[in-house]
Protein chains: 2
Amino acid sequence: MKNAQRTKKNATVELQRSVLERLATVFKLLSEPTRLAILHELRNRSQSVGELVATLGTSQANVSKQLRILFDHSILGRKQSGNQVFYEILEPGVFGLCAEVCRLLNRRAENNGHIQYDI
Amino acid sequence: MKNAQRTKKNATVELQRSVLERLATVFKLLSEPTRLAILHELRNRSQSVGELVATLGTSQANVSKQLRILFDHSILGRKQSGNQVFYEILEPGVFGLCAEVCRLLNRRAENNGHIQYDI
DNA sequence: ATTCTAAATAGCTAATTAACCATATACCGT
DNA sequence: ACGGTATATGGTTAATTAGCTATTTAGAAT
């Protein structure tokens, strides 16, 4: 309700909805294994599209497409260098989110099995 | 790589993939505004399907379906009480995730505008 | 200019899914 | 049993999208 209070009356539901949509958008960005793999690959160093294609097990076109999605949402930045394009992490916060999901899954695994997640 | 080291050789890529898929599954659960709205509603108290239908702006069938998805993934628990079914949060960790996304969006908003998110 | 390489895009298909309507199931009160 | 209410499910539609192949764009080197 804190948000709603900052807005004009009767906009409560709509505001919340738009906030929920923004949240959902971020979660959606991270809801594909290939995109998570890209982020994981770029965590320690920026890489060219070609390097990513070599590492991930999918086509150059697909890597390019997923990179674009992450770039369009400002999760990644790009730097052209001659023939190639290097992508880098612009929003390290995504790793905090991944870590938190890992913790959630691990808490759960403790109750059942024992596999530990760690991205 | 820490995971891979705990497994037998040559299972590196597959393991990582399966971990990424589990992560992605959690993110996907939270990537729909309606499901986020349900979680938000249930945060402070468990509610019946009917109550949720009255609050959220969507059909009973849809609410029921989304509840089932969250229930199947053990995010929610259900308790039958006579005619009605009450759902409750089983995995409060989701709110930590939402809060972290809010912080991420707020950090971003500081650089541009000023709207503050708070779920 | 032409060729080679890197990356992006267009067009396509198959799969997923949110939301709807209609119906079924299940519990309650009478 | 029967009607009423609460929830779940079946079936459909429309929209989204990951991944593919083929093509295009653009820079580098000869």
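Predicted, not measured: the structure shown is a model, and the values here were computed from it.
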Item to check | Closest approach of A:Leu56 to A:Ala37 (non-hydrogen atoms, all atoms of both residues) | outcome: CD2-CB, 3.6 Å

Item to check | Rounded distance in Å - CD1 (B:Ile38) to P (C:dA18) | outcome: 11 Å

Checklist entry - Do any of residues 27-37 of chain A sit with a heavy atom less than 4.0 Å from DNA chain D, and if so which? => result A:Lys28, A:Glu32, A:Thr34, A:Arg35

Next on the checklist: D:dT7, OP1 or OP2 - any side-chain N/O from B:Arg78 closer than 4.0 Å?
Outcome noted: no

Item to check | Cationic N near anionic O, under 4.0 Å, B:Arg107 to B:Glu110 | outcome: no

Checklist entry - Counting any heavy atom closer than 4.0 Å, what does A:Ile69 reach on the DNA or RNA strands: base, sugar-phosphate only, or nothing? => result sugar-phosphate

Checklist entry - Once you round it to whole Å, what is the distance between P of D:dA6 and CG of B:Leu67? => result 16 Å

Checklist entry - Atom NZ in A:Lys28, atom CG in B:Leu30: separation rounded to 0.5 Å? => result 13.0 Å

Checklist entry - What nucleic acid atoms does A:Leu52 come within less than 4.0 Å of, heavy atoms only: base, sugar-phosphate, or nothing? => result nothing

Checklist outcome for this item: Heavy-atom closest pair (A:Arg35 atom, A:Leu29 atom, distance to 0.1 Å) is NE-O, 2.8 Å

Checklist entry - To the nearest angstrom, how far is A:Lys79 atom NZ from C:dA8 atom C1'? => result 21 Å

Item to check | Options D:dT7, C:dA19, C:dA6, nucleotide nearest the side-chain atoms of A:Arg17 | outcome: C:dA19

Listed pairs, N/O of protein and of nucleotides 20-29 of chain D, under 3.5 Å:
from, atom 1, to, atom 2, distance (Å)
D:dC20, OP2, A:Thr58, OG1, 2.9
D:dC20, OP2, A:Ser59, N, 3.3
D:dC20, OP2, A:Ser59, OG, 3.2
D:dG27, O3', A:Gly82, O, 3.4

Next on the checklist: So if I apply the side chain to side chain contact (heavy atoms under 4.5 Å, CB included) rule between A:Leu76 and each of A:Leu90, A:Val94, A:Leu42, which one comes out positive?
Outcome noted: A:Leu42

Checklist entry - NA contact type, A:Phe71, heavy-atom cut-off 4.0 Å: base, sugar-phosphate, or nothing? => result nothing

Checklist entry - Does a side-chain N or O from B:Arg68 land closer than 4.0 Å to OP1 or OP2 of D:dA8, or not? => result no

Checklist outcome for this item: In this structure, CG of B:Leu39 is separated from CD of B:Glu41 (nearest 0.5 Å) by 10.5 Å

Next on the checklist: Closest-nucleotide mapping onto DNA chain D: is B:Ser48 or A:Gln66 further toward the 5' terminus? I mean the 5' end.
Outcome noted: B:Ser48

Item to check | Rounded interatomic separation in angstrom, taking CG from A:Leu70 and P from C:dA7 | outcome: 16 Å

Item to check | Closest contact, heavy atoms only, B:Ala24 versus A:Leu36 | outcome: N-CD1, 3.7 Å

Next on the checklist: So, taking the atom named CG in A:Asn62 and the one named CD1 in A:Ile38, what distance separates them when rounded to the nearest 0.5 Å?
Outcome noted: 7.5 Å

Checklist entry - Using a cut-off of 4.0 Å on non-hydrogen atoms, how would the nucleic acid contact of A:Tyr87 be classed: base, sugar-phosphate, or nothing? => result sugar-phosphate

Checklist outcome for this item: Residues B:Ser74 and A:Arg108: closest non-hydrogen pair is O-NH2, 3.6 Å

